[in-house]
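Contents: one structure, followed by commentary.
Order of the sequence lines sets the chain letters (A, B, ...), proteins ahead of strands, with each chain counted from 1.
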Amino acid sequence: AQSNITLYGIVDANVSFSKIGDNRFRGVQSGGLSASRIGFRGTEDLGNGLKVLFTLEYGISTDTGDGITGARQSWVGLEGDYGFVGIGRQYSPGYNVSGLIDPFASSAALSPVLLAQGVNYQGSVFPVSTAATIQGGGGGRFDNSLLYRSRDFGGLRFEAMYAFGENADQGDMLGNRDAGNFIGLGGTYRNGPLTLGIAYHRSESTRFSFMGFDGRQLDKREWYLGGRYDLGPAELAVSWQEIRSGASFSGVGTDNWRDRIWQVSGLVPINQAGSILAGYAQLDAEYGDEDVKVWTLAYTHAMSRRTTAYAGYRHVDNRDAAGTGALPGLRVDDNFGRSSQGLVLGVRHAF
Amino acid sequence: AQSNITLYGIVDANVSFSKIGDNRFRGVQSGGLSASRIGFRGTEDLGNGLKVLFTLEYGISTDTGDGITGARQSWVGLEGDYGFVGIGRQYSPGYNVSGLIDPFASSAALSPVLLAQGVNYQGSVFPVSTAATIQGGGGGRFDNSLLYRSRDFGGLRFEAMYAFGENADQGDMLGNRDAGNFIGLGGTYRNGPLTLGIAYHRSESTRFSFMGFDGRQLDKREWYLGGRYDLGPAELAVSWQEIRSGASFSGVGTDNWRDRIWQVSGLVPINQAGSILAGYAQLDAEYGDEDVKVWTLAYTHAMSRRTTAYAGYRHVDNRDAAGTGALPGLRVDDNFGRSSQGLVLGVRHAF
Amino acid sequence: AQSNITLYGIVDANVSFSKIGDNRFRGVQSGGLSASRIGFRGTEDLGNGLKVLFTLEYGISTDTGDGITGARQSWVGLEGDYGFVGIGRQYSPGYNVSGLIDPFASSAALSPVLLAQGVNYQGSVFPVSTAATIQGGGGGRFDNSLLYRSRDFGGLRFEAMYAFGENADQGDMLGNRDAGNFIGLGGTYRNGPLTLGIAYHRSESTRFSFMGFDGRQLDKREWYLGGRYDLGPAELAVSWQEIRSGASFSGVGTDNWRDRIWQVSGLVPINQAGSILAGYAQLDAEYGDEDVKVWTLAYTHAMSRRTTAYAGYRHVDNRDAAGTGALPGLRVDDNFGRSSQGLVLGVRHAF
């Protein structure tokens, strides 16, 4: 049974320096370029062009005594001529699509879009972008999901996911059994130097009760459009996404709040091993008219096909919003609206 | 050191629909036919017919972000001509014996016996069968245990376990250091189409104090008898088990309460890959004269030696007892005595 | 990616009997000779004499249902002609140095030095030795650390570690961002039958506030000196270490408290497979003039290169201190100053 199982993972650690306002942090962090992880995957040929696949992937920390933590992925699926069908905890269509476009992909330390999403609004009752599930880090993976991924049709590929919220029925008036049910759709087109991606996510609303009044959170809807083009001396990527949600309370409706995030980024190979990455993302939040601007610059050096040294800098201009609280030791609450900067020097090894 | 270590496991996920009374659940569940798990086992030849073996096996969820959870098995042992001696957390004799008899084995979703044991009694102060350790799911494995398993003597095999409760001494009057100490005995006989099994478990009592009075829980004793016969076109299995426990309080004795569970089940291969399984179990609880009747029906389709698709239905007639609370979203407490039904469609892959 | 990854570990379990005063324990324990663990390590050749290495090692219990627990080691590093540089959670220099000297190494059940360190002082506000990081069990590994290890220079080797405390800045007066920052230095000399080791650890102080007064814990400093000599029929080892710490409160200074621990131990091979180990350690605590004396005696039998059966006895003379609380079920608090004894019979298998 051993022959077709692969043990794999990523160990990524960096020395990190960051500040927000007068508050400074320095230390070792896990997962700068890519989240550290360990996984087990396997496949078995069932004949007739059909095979079964599974992936069990868990988070790890390449800096502290935390053990093997929560499952990133945990699914079993079947693949055949018709495509792939999986069941379990899986990456969502929007996560998969945006991962193909963004040169920074899911870099927690350096992706402009992820950093913009991590920003907390000062005084915002309903932060919308922080709960994004397209390009949303851990939020982009769904428990209790069924995923269909099509075959490749001349560069076109399509994904659809349904995930069960599995919430308890709280009675007729308050709460609902469908809360958290999720639909995700994604499509990509790849042709030579061009990659295009589109995605739509919808999470069903929940109803709640407060002092006898009937509250209702609106469905969360997300759209994503992105493209990447390889010019030869450089790759360019642009993306645009929108997140809408909101709430009503005892019939006193509220409009949808709407956050928009767009980015431009580029990757310039400068020699056999080295590349420069630069990116800019802007978050336009409808609520309170709060904007956040993030730019990052990185150099990656491929020491081998599986080992990459990296250095990166990020600047988050928080305007009316609080800065990212991702780094321990930074007292974000005293520094609303102050810009933050960070520098990381690290190494990522994929095994 | 790598050569003789095996990484193994089971990923089992299903789409599950169930209801009790008016309360319904639908979602993805892990471990319908067999609990999802990942394990590491190895062996080393010590010469002179002696070898050392170890197993480290942990639970996983093929549906949510839960990580690698508690140890199912964690032991090291020696095997020689005399048999096997192990130390650690191990399967009990009753678990091993009943696993050979019951065609549904340890299927959390479809084993009639396990479903009957999961039932909660309405108003019962001392539910007995829910704490069964013979065919008792996770309760069938014991921490801090020593296990001896004999060689095969012409089809006969014997097992004995002693497990330390490792409880603190609470003084002369209340509590006792032996609480939780466990003895388990099991025997099997296999001859051609016939398998017979017998087991006995005994868990030592504990003393407790309540408002100055001296309480005493009685020793829990369990018996099991089972048999399985392969008729050719079908396999038939029957088993009977009894669980006794009780309590006394300040000398005001109570009798032992006694639960009995019996089952009949069968497995009918219908072609090269497909089998039909059907089972019926009945729980007769002495306390309150509460009975529970469970029947299940399943179809399993072997897509390969290691991959099985399955569909199954279960019906639990709860009578005066509450239904199984195993499925999230089902408000058992509002549905005492109502029957519950469930349908599962899933796939199990062993690697 | 699979080819150069090694899955390894230790499963170590024993039957343990121990007592302190009138309080007795018996049961199964994990990790008598060496802590039970499971790990994944790998290496990749980067060319030019450079390679990348990683280790992910987690604690396990070979006795209970505890799963794969905290990370013992979790690091990635580069090794070349200049030596090794690692980042992550790593063994400290003092841990590495003392591990080469002490025949009992990191045996939780039988190392006299570790047992002496586990002793709790009766009435001591600032137990010093219990927080030792040289030969300090789990305390000897550091999160968020950078480690440099030199090449071997004719038997000489040198290590230096810096670990970030990563504490939040609590303002000007109270708390400080450097609290927990750590420096460790270690050196070893190996020449034929002789091994010498020296180490120094320093953990930066923390400031704290209590009822408006400014408290300050002093820096913790540790020294270690040890040697081991192989006489042929026996190996002898001696070590000496000192731990200093203390506190001041609102300017009312306190001196440093100082604990000293010294040990002598020996290993006598008695045949091809069997060895006798004996050790004595004495803790001289400055605070309250409390002394603890520990002696242990063990027999180890190598059943193979990777499997060892062992039997051991320990005696802790606690004098004015409470005994080790390492074993469940022993009510240490009722037994201040009483001596404790323990017997273990177990097996360790390294895979």
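Between the side chain of B:D63 and the backbone N or O of A:G88, no donor-acceptor pair lies under 3.5 Å. Distance alone, capped at 3.5 Å, places no donor-acceptor pair between the A:E166 side chain and the B:R26 backbone.
Looking at B:D12, there are no atoms closer than 4.5 Å to chain A (heavy atoms on both sides), in backbone or side chain.
Below 30°, between 30° and 60°, or above 60°: for A:F54 and B:F351 the angle between ring planes is below 30°, a parallel geometry.
Side-chain atoms of B:H349 and A:T43, non-hydrogen and from C-beta on, never get closer than 4.5 Å to each other. Taking 4.5 Å as the limit, every side-chain heavy atom of B:M303 sits out of range of all side-chain heavy atoms of A:K51.
For the atom pair OH of A:Y58 and CD1 of B:I60, the computed distance is 4.5 Å after rounding to the nearest 0.5 Å. To the nearest 0.5 Å, atom CD of residue A:E44 and atom OG1 of residue B:T307 are 4.0 Å apart. Atom CZ of A:F164 is separated from atom CZ of B:F25 by 8.0 Å, given to the nearest 0.5 angstrom.
Of the residues considered (B:S36, B:G346, B:G67, B:S30), B:G67 shows the highest number of contacts with chain A, using heavy-atom pairs under 4.5 Å. Comparing A:D45, A:T69, A:L56, A:L50 by how many heavy-atom pairs each has under 4.5 Å with chain B, the most go to A:L56.
Around CZ of B:R190, the count of heavy atoms belonging to other residues, nucleotides or ligands within 6.0 Å does not exceed 12. Around the CG atom of B:N271, the shell of radius 6.0 Å holds more than 12 heavy atoms that belong to other residues, nucleotides or ligands.
Smallest separation of non-hydrogen atoms from A:S74 and B:S61: OG-O, 2.5 Å. Residues B:L7 and A:I5 come closest through the heavy atom pair O-CD1, 3.4 Å.
Tested against B:V11, the residues A:T55, A:I87, A:V76 include a single side-chain contact (heavy atoms from CB on, under 4.5 Å) partner, A:V76.
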